[in-house]
Number of protein chains: 2
Amino acid sequence: MATLKQVAAHAEVSVQTVSNALNAPHRLRPDTLERVNRSIELLNYRPNRNARSLRTSAVELIGYCVPSWPNQTHLVMDQFLHALCAAAETSGRHILLFTAPAAVDGMPTYDDLHARRLVDGFVLSQTETHDPRHGWLKDRQIPFVSFGRVWKETTQPGPWVDVDGAAGSAMAVQHLHETGRRRIAFLGWPQSSGLGEDRLAGWRDRCTELGLPTGGLVVRCAEDTIDEGARATAQLIDSGQPPDGIVALSDILALGALRQLGDRGLTAGADVGVTGFDDSPRASVVSPGLTSLRQPMEQIATELIAILTGTRNDVPSERLLLPELVIRGSSAPG
Amino acid sequence: MATLKQVAAHAEVSVQTVSNALNAPHRLRPDTLERVNRSIELLNYRPNRNARSLRTSAVELIGYCVPSWPNQTHLVMDQFLHALCAAAETSGRHILLFTAPAAVDGMPTYDDLHARRLVDGFVLSQTETHDPRHGWLKDRQIPFVSFGRVWKETTQPGPWVDVDGAAGSAMAVQHLHETGRRRIAFLGWPQSSGLGEDRLAGWRDRCTELGLPTGGLVVRCAEDTIDEGARATAQLIDSGQPPDGIVALSDILALGALRQLGDRGLTAGADVGVTGFDDSPRASVVSPGLTSLRQPMEQIATELIAILTGTRNDVPSERLLLPELVIRGSSAPG
DNA sequence: ACGGATGTTTTGAACGTTAAAAACATCCGC
DNA sequence: GCGGATGTTTTTAACGTTCAAAACATCCGT
């Protein structure tokens with residue numbers, strides 16, 4: 001593989017002139033630039049990333065910890081990973097994947113990757129309540145950006161991009177209200193989940209705004225499973241005041257709701273409107289199709305990379321993005 | 001962050017002596033080594049990967065193309081990705097993720113990553129019939145190893161690690177035979193799938209060895225879905241000579257079989273023994289639990305890295321690994 | 001014709017490691 | 001005491017870019 005030196009010899013210029021042809025072509029006389037570019041092409045020159053990184057101290061790699069639940073697929077993370085890679089590449093960078101223990105036990109790994117100049121910074125995701133990684137990185141001035149806020153912190157310890165769960169739930173309530181529902185339930189998670197409480201707040205606020213009841217219409221599920229979604233829905237149906245709409249905090253819980261409605265001889269859509277969150281592939285193939293809130297993965301990834309690389313001066317360090325409500329049969333009126 | 005130079009000054013030795021302390025400590029007098037190590041620790045020295053890579057021409061990064069189906073989770077690939085990262089780290093390397101168009105359209109991306117010294121080589125996966133990547137990389141002497149063989153090629157174009165699907169199907173047949181089944185069916189894929197034909201061959205060969213019938217007992221499914229598995233099972237049940245055992249080529253098809261059996265008032269296990277492949281999380285939580293063939297992900301990843309890095313002279317360039325049959329209720333006799 | 005300004009190209013050094021050769025120190029047999 | 005062998009440490013250069021300064025060429029006003 002040719003080096004700058006070889007290209008320079010071929011074009012009968014200095015190494016610096018070849019470097020200028022690549023990085024500052026305006027410095028060169030047009031005929032010199034043409035000759036150098038021809039040599040670059042003829043010799044199939046490719047810049048050596050190591051040499052450049054050594055001189056500039058920028059490696060153009062972004063560290064991302066491989067999702068820590070190998071026993072469980074995580075659709076949102078799969079889509080996110082692909083979008084993140086593509087966004088990084090668009091900016092001339094790549095993603096370096098690594099494993100690390102959970103919480104602070106993993107911080108030495110992050111520290112080491114940065115100290116050895118293996119990465120310039122990190123993208124964090126799967127943020128947990130009181131997640132310690134953010135503060136740890138901020139304290140050490142190691143660049144990072146987070147997909148998701150650190151829940152239940154008074155101030156965020158660093159830049160983030162997130163999807164507005166509350167707004168999403170509100171959109172779902174609004175939509176169900178527009179299809180005629182007047183008693184809309186919410187299937188959520190335990191109170192310890194900040195994300196769950198955020199989405200619940202969106203449901204509650206919009207119901208209140210629309211004058212809809214909220215009492216006795218929230219069921220928190222211990223786990224994010226179809227069975228729990230089914231159980232919670234059964235509980236609502238058997239409550240004596242069954243809902244005519246259900247906003248589920250996730251597609252998984254929503255699928256459980258669909259199953260339970262089917263078991264009770266009720267029709268999703270016609271009898272009870274159902275919505276989920278994340279717009280997983282099953283949302284479209286289940287019958288009826290599940291109305292769901294879709295997270296804008298490509299936009300999320302693009303914003304994360306823009307914040308981390310500081311390539312756009314207009315980028316604020318916090319970005320809350322709106323999900324998109326994808327309307328399907330599960331919320332269509334009768 | 002301290003450099004070798006700063007550590008050397010602190011320890012009152014040359015840069016080379018510090019480098020020797022790290023890489024060839026046997027060259028140093030014990031008291032010199034101790035003094036240098038103390039300086040390394042005091043100054044929290046971390047080697048700069050770029051500098052080392054520039055001098056040695058080895059970047060210690062392995063390129064892996066992010067799975068190309070963002071609309072569909074792929075459990076096996078999720079587990080694989082985690083195992084691959086961990087195995088790479090164990091060898092002092094990391095995974096660089098990238099995106100690329102499918103088939104030969106993606107080859108310029110591979111070429112560029114290698115030419116620019118962003119990676120030392122590649123791990124390929126999701127191999128397809130007549131997959132062109134392998135031959136392309138081999139022709140250009142770009143190091144790689146493949147998780148999965150290139151089906152329907154007379155010779156493999158490069159090193160690979162794979163799971164022996166045929167042996168897996170044979171194990172499943174053997175197991176069902178041992179639980180008393182004598183008419184074992186196979187749910188497979190279209191004939192164009194090399195992997196499917198391989199697994200089918202294992203089923204057929206073992207049935208023949210055991211003197212079991214094979215005629216009219218194979219149903220090929222157009223797609224890997226629960227519905228297709230259910231449809232295929234219905235076809236077998238309605239055939240006039242229903243099977244008492246079913247080996248499914250994947251867990252998804254097996255779940256379809258379980259559903260169809262339930263719909264027909266038949267009990268998986270007691271009435272019809274069912275097995276799947278891949279041991280997905282649902283295999284254990286479905287009722288009854290699904291007997292399934294589990295791929296040894298950590299071993300696969302470890303072998304891939306060993307072949308690619310050439311770190312063990314005894315490693316052959318082709319490794320066929322056995323899956324593990326995880327026995328659950330779906331194959332338990334009545 | 002000359003000096004200052006501007007355009008274009010070259011020169012020298014730096015980044016931080018590793019590899020190889022050289023230098024220095026020590027030991028031992030003759 | 002000396003020369004050869006071995007142990008230990010230092011010296012020198014290399015890897016391939018980028019950065020900054022210097023040199024050279026050209027232009028224009030006086």
Side-chain angles (χ1 to χ4, degrees), chain A residues 1-40 43-61 92-93 112-120, chain B residues 1-40 43-61 92-93 112-120:
Chain A
M1 200 64 58
T3 63
L4 282 179
K5 194 171 189 175
Q6 289 165 325
V7 175
H10 187 274
E12 296 185 323
V13 294
S14 70
V15 162
Q16 189 56 45
T17 295
V18 181
S19 181
N20 284 338
L22 293 159
N23 304 311
H26 61 88
R27 290 182 193 280
L28 304 188
R29 263 197 297 124
D31 61 323
T32 305
L33 180 59
E34 191 188 330
R35 188 165 89 253
V36 170
N37 280 336
R38 207 179 312 122
S39 292
I40 286 173
L43 300 184
N44 194 23
Y45 168 77
R46 297 311 169 79
N48 182 310
R49 171 62 64 86
N50 295 309
R52 161 182 258 257
S53 296
L54 178 58
R55 189 60 184 77
T56 64
S57 292
V59 285
E60 318 285 16
L61 293 180
R93 294 168 175 83
D112 192 60
L113 287 169
H114 185 257
R116 287 161 65 207
R117 304 304 312 148
L118 276 155
V119 300
D120 292 329
Chain B
M1 197 67 58
T3 63
L4 282 179
K5 195 171 188 176
Q6 290 165 324
V7 175
H10 188 273
E12 296 184 324
V13 294
S14 69
V15 162
Q16 191 55 44
T17 295
V18 181
S19 181
N20 284 339
L22 293 160
N23 303 311
H26 62 86
R27 291 183 193 278
L28 305 188
R29 262 197 295 123
D31 63 321
T32 305
L33 180 58
E34 189 187 333
R35 187 165 88 254
V36 171
N37 281 337
R38 206 178 314 120
S39 295
I40 285 173
L43 300 183
N44 193 26
Y45 168 76
R46 296 312 169 76
N48 183 309
R49 171 61 65 85
N50 295 310
R52 160 182 257 256
S53 297
L54 179 58
R55 188 60 185 80
T56 65
S57 292
V59 285
E60 320 284 15
L61 292 181
R93 293 169 175 82
D112 192 60
L113 287 169
H114 185 257
R116 287 162 64 204
R117 305 304 310 151
L118 276 155
V119 299
D120 292 330

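The analysis underlying the following values was restricted to heavy atoms, covering all of them including side chains, and did not include hydrogens, waters or symmetry mates. Every chain is numbered from 1 and lettered A, B, ... according to where its sequence line falls, protein lines coming before strand lines.
Among all heavy-atom pairs drawn from A:L61 and A:L118, the shortest one is CD1-O, 3.4 Å.
Under the salt bridge (charged side-chain N to carboxylate O under 4.0 Å, His left out) criterion, B:E34 pairs with B:R38, sequence neighbours left out. B:R46 is linked by a side-chain hydrogen bond (donor to acceptor under 3.5 Å, both in side chains) to A:D111, A:D112, B:N44, counting only residues two or more places apart in sequence or in another chain. Taking B:R52 as the reference, nothing meets the salt bridge (charged side-chain N to carboxylate O under 4.0 Å, His left out) condition, with sequence neighbours excluded. Remark: A:S57 pairs with no residue by the side-chain hydrogen bond (donor to acceptor under 3.5 Å, both in side chains) rule, at least two apart or across chains. Remark: B:R29 pairs with B:D31 by the salt bridge (charged side-chain N to carboxylate O under 4.0 Å, His left out) rule, at least two apart or across chains. B:R27 pairs by the side-chain hydrogen bond (donor to acceptor under 3.5 Å, both in side chains) definition with nothing, not counting sequence neighbours. B:R35 pairs by the salt bridge (charged side-chain N to carboxylate O under 4.0 Å, His left out) definition with nothing, not counting sequence neighbours. Listed by chain and residue number, B:H10 satisfy the side-chain hydrogen bond (donor to acceptor under 3.5 Å, both in side chains) test with B:S39 (two or more places apart in sequence, or in another chain).
Between B:R116 atom CZ and D:dT17 atom C1' there is a gap of 13 Å when expressed in whole angstrom units. The CG atom of B:L118 sits 14 Å away from the C1' atom of D:dG16 (whole-angstrom rounding).
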Let me have a per-nucleotide readout for nucleotides 14-21 of chain C, 5' to 3', with B, S or -, counting only protein heavy atoms under 4.0 Å.
BBBBBBB-
Give me, pair by pair, the N or O atoms of the protein and of nucleotides 6-9 of chain C that are less than 3.5 Å apart, along with how far apart they are.
from: C:dT9; atom 1: OP1; to: A:R29; atom 2: NE; distance (Å): 3.4
from: C:dT9; atom 1: OP1; to: A:R29; atom 2: NH2; distance (Å): 3.3
from: C:dT9; atom 1: OP1; to: A:T32; atom 2: OG1; distance (Å): 2.3
from: C:dT9; atom 1: OP2; to: A:R29; atom 2: N; distance (Å): 3.0

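Each end of the helix from C:dA1-D:dT30 to C:dC30-D:dG1 gets its own rotation axis from five pairs of C1' atoms, and the angle between them is 70° to the nearest 10 degrees.
Sorted pairs that involve residues 1-26 of chain A and meet salt bridge (Lys or Arg N to Asp or Glu O under 4.0 Å), not counting sequence neighbours, are lacking altogether.
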